[in-house]
Each structure stands twice: as structure tokens, then as C-alpha cells.
Amino acid sequence: MKNSYNHPYHLVDSSPWPLTSAIGLMTLTSGMMKWFHNFNLNLFIIGYIIILLSTYQWWRDVCRESTYQGNHTLSVMLGIRWGMILFIVSEIFFFISFFWSFFHSSLSPNIEIGLSWPPQNISTFNPFQIPLLNTIILISSGITITWSHHTIMSNNLSQSMQSLFLTILLGIYFSLLQAFEYFEASFTIADSIYGSIFFVMTGFHGLHVLMGTIFLSICFIRLINNHFSSIHHFGFEAAAWYWHFVDVVWLFLFISIYWWGN
């Protein structure tokens, strides 16, 4: 029998998924070390599988709590909103540390890299080719996700699904173009401070695009199953906030690394 409380908060049930996620992360990290030193991917793949299974089941439980059990009251939703806001703020400071490193090295290049930026013998990308196309793609995806949110609030679920699906396709297209750019790069992460900063900043951004695409894909599945209404759809809102954050970070990356940094 379901317990009743005289407060609007949700007391979360005992869950194994935080523990299994921690085990998955530990396995993934150990597998990465084994991959780097012994060129063996087995443990790395096992860690990924554990994380994917834990993530799927954890999200399933959260969706069940909000959609079917009615546990996400207004007070709970307020807490979740602040949690998402603070998470995005932490991500902003995460990228600020990389931009700090980039401008520290580019504004005052040392003698080891030839007192110039980009360093000598580094052939950089043309910012008006793939990087500009990726900028257009992400800006377009920001428009489509905004339109999808607007149509959810207007109870037009068919248009919302169409625009959300288009956003997911644009995210996948961006990731494919970035992978192609990495494949065509004339330098590696081991080529001076420029290579390190370039691949760490664009790589972490690319990882955020992949996570955002997965986040939006889960929202698309939930939208198909009528989990969202015009007044109760924060799962979608959180994904949209995250996607706009990814868009803004890319604009700073494009302007600083690809255009100004070249």
C-alpha cells in the first residue's frame, strides 16, 4: 500500500542504479587505462554496457515517478528546475577553465612554440568550411528545439514531434561532421599546446552534443507515448535548456578557436 505524507515532497524509493552507475564508471575508467596501455577494449566495453543499462533503467524509474505515479508535484518540480540550473552553471565553469587555458596560451605564446599562435608547423582549419557549417547546423537546431517547445505548450504534438525529430537529426549531422573533421586534421592532441587545447575543447563539446542528442531522443520517445502536456513537460524543458547551452558554447568555440585563434 502506498504511503501518504502531509507534505508535497517526493521521498525517493531505494534504488540500485546509483550503485550500478558507480560500478560502471569505475569499470569504464579501468577499461580506459587498460585500453591505453594494453590496447585491449574488453573492460572498456563492459563498463559502457553497465552505464547504458543503468542509465536506461534510472531514467525509466524517473519517467514512471513523474508520468504515472504523480510524484513530481509543484514543489518537487521547483527543486528539479534549480537542480538543472545549477548543473548547467557547473558546466559553464567547466568550459571557462578550458577557455582560460586557451587565452592564456594564445595571448602570450612562449618560446617553446615559437612565440607565435598558432604554433609553427601547425596547419589549422579554415573556419569558413566545416566549422561554419557546424555553426549553422547548431543555430538551426536551436530554432527547431524552440519551435518544438512552443508547439508543446500549444498542444500541437504532431508539429512538436516533427521539429524535435529534426533537432535530433541536426545533432547527429553535427557529430558526423566533427568526426570527419577530426579524421582530416593534420595535427593530433600530442602536437603542442594547440593540439591539446583544440581536441580537449572541441572533444568535450562534441561529447556534450552526443549527450544532448541522447537526452532529446529520450524526450522524443516520451513525446510519442504522450508523457508531456502543455503544463507538465519539464523533462523536455531541461533537454532544451541543455541544448541551448551546447549551442552557446559552440559559438564561443567557433569565434575563439576557429576564427580568432587562426
Side-chain angles (χ1 to χ4, degrees), residues 10 15 17 20-21 24 48-72 76-77 79-85 87-88 91 133-180 203-251:
H10 175 211
S15 172
W17 313 131
T20 58
S21 298
Y48 251 125
I49 292 172
I50 295 172
I51 290 174
L52 288 174
L53 289 173
S54 301
T55 302
Y56 170 78
Q57 292 172 104
W58 201 345
W59 281 359
R60 176 205 63 189
D61 289 351
V62 174
C63 293
R64 183 184 294 155
E65 291 166 359
S66 63
T67 307
Y68 302 114
Q69 297 176 352
N71 289 324
H72 287 193
V76 173
M77 293 297 294
I80 295 174
R81 283 178 182 274
W82 276 109
M84 190 66 193
I85 290 170
F87 169 70
I88 291 175
E91 292 283 272
L133 177 58
N134 270 342
T135 303
I136 295 170
I137 289 169
L138 277 190
I139 291 174
S140 302
S141 71
I143 296 171
T144 55
I145 192 68
T146 302
W147 179 249
S148 182
H149 187 203
H150 174 77
T151 48
I152 282 181
M153 292 189 293
S154 302
N155 280 323
N156 190 341
L157 296 184
S158 61
Q159 277 198 26
S160 182
M161 281 190 284
Q162 292 169 13
S163 52
L164 181 56
F165 183 69
L166 184 56
T167 306
I168 295 168
L169 289 180
L170 289 171
I172 294 171
Y173 188 30
F174 176 93
S175 298
L176 291 175
L177 284 175
Q178 191 171 40
F180 176 75
F204 268 114
H205 177 268
L207 180 63
H208 282 70
V209 171
L210 289 174
M211 290 190 296
T213 304
I214 294 171
F215 202 173
L216 293 175
S217 300
I218 297 298
C219 289
F220 182 72
I221 295 171
R222 295 189 66 193
L223 199 57
I224 292 174
N225 290 301
N226 292 315
H227 284 193
F228 299 134
S229 67
S230 60
I231 59 172
H232 194 92
H233 55 266
F234 181 70
F236 180 91
E237 264 188 291
W241 290 358
Y242 189 81
W243 196 254
H244 287 308
F245 158 74
V246 168
D247 290 350
V248 172
V249 170
W250 174 258
L251 290 177

Exercise. With a 3.5 Å cut-off and no angle check, do the side chains of His233 and His149 form a donor-acceptor pair?
Worked result: yes
Problem set entry | Step-by-step side-chain contact (heavy atoms from CB on, under 4.5 Å) determination, Leu53 to Gln57 | CA-CA 6 Å; Leu53 289 173; Gln57 292 172 104; 4.1 Å; yes
For this session: Could you tell me which non-hydrogen atom of Asn155 sits nearest to which non-hydrogen atom of Ser230, and how far apart they are?
Result: OD1-CB, 3.5 Å
Problem set entry | From Ile221 atom CD1 to Ile218 atom CD1, the distance as rounded to the nearest 0.5 Å | 5.0 Å
Exercise. Which pair of heavy atoms, one from Cys219 and one from Gly235, lies closest together, and at what distance?
Worked result: SG-O, 3.6 Å
For this session: Determine the minimum heavy-atom distance between Ile152 and Ser229, stating which atoms define it.
Result: CG2-O, 3.8 Å
Exercise. Taking all non-hydrogen atoms of both residues, which atom of Ala240 and which atom of Ile145 are closest, and how far apart?
Worked result: CB-CG1, 3.9 Å
Problem set entry | Val248 side chain reached by His244 side chain, heavy atoms, under 4.5 Å | no
Exercise. Quick one: does His232's side chain get under 4.5 Å of Met77's, heavy atoms only?
Worked result: yes
Problem set entry | Shortest non-hydrogen contact from Asp247 toward Ser141 | OD1-OG, 3.8 Å
Problem set entry | Minimum heavy-atom distance between Leu216 and Ala239, given as atom pair plus value | CD2-CB, 3.7 Å
Problem set entry | Ser175 OG to Leu207 CG distance, which is reported to the nearest 0.5 Å | 10.0 Å
Exercise. Any side-chain heavy atom of Phe174 sitting closer than 4.5 Å to one from Val246?
Worked result: no
For this session: Answer yes or no: are there more than 12 heavy-atom neighbours, outside Tyr173 itself, under 6.0 Å from its atom OH?
Result: no
For this session: Please tell me if the side chains of Phe228 and Met153 come closer than 4.5 Å, counting only heavy atoms from C-beta onward.
Result: no
Exercise. Within the side chain of Thr20, is there an N or O that forms a donor-acceptor pair under 3.5 Å with the backbone of Trp17?
Worked result: yes
For this session: Count the heavy atoms belonging to other residues, nucleotides or ligands that lie under 6.0 Å from CD1 of Ile231, then report whether that count exceeds 12.
Result: no
Exercise. For the atom pair CG (Asn71) and OG (Ser66), what is the distance rounded to the nearest 0.5 Å?
Worked result: 9.0 Å
Exercise. Do His205 and Gln178 have a side chain donor and acceptor closer than 3.5 Å?
Worked result: no
Exercise. Which residues satisfy the side chain to side chain donor-acceptor pair (under 3.5 Å) test with Ser15, sequence neighbours excluded?
Worked result: none
Problem set entry | CG on Leu223 to CG on Leu164, rounded to 0.5 Å | 6.5 Å
Exercise. Can the ring centroids of Trp241 and Phe234 be said to lie less than 6.0 angstrom from one another?
Worked result: yes
Exercise. Say you draw a straight line from CH2 of Trp147 to CG of Asn156; how long is it, rounded to the nearest 0.5 Å?
Worked result: 8.0 Å
Problem set entry | side-chain contact (heavy atoms from CB on, under 4.5 Å) between His208 and Val249, intermediate numbers included | CA-CA 10 Å; His208 282 70; Val249 170; over 6 Å; no
Problem set entry | Atom pair OG (Ser148) and CZ (Phe220), whose distance is rounded to the nearest 0.5 Å | 9.5 Å
Exercise. Going by the angle between their ring planes, with limits at 30° and 60°, are Phe245 and Tyr242 parallel, tilted or perpendicular?
Worked result: tilted
Problem set entry | Exercise: do Asn134 and Trp250 side chains pair donor with acceptor under 3.5 Å | no
Problem set entry | pair Leu170-Leu138: side-chain heavy atoms closer than 4.5 Å | no
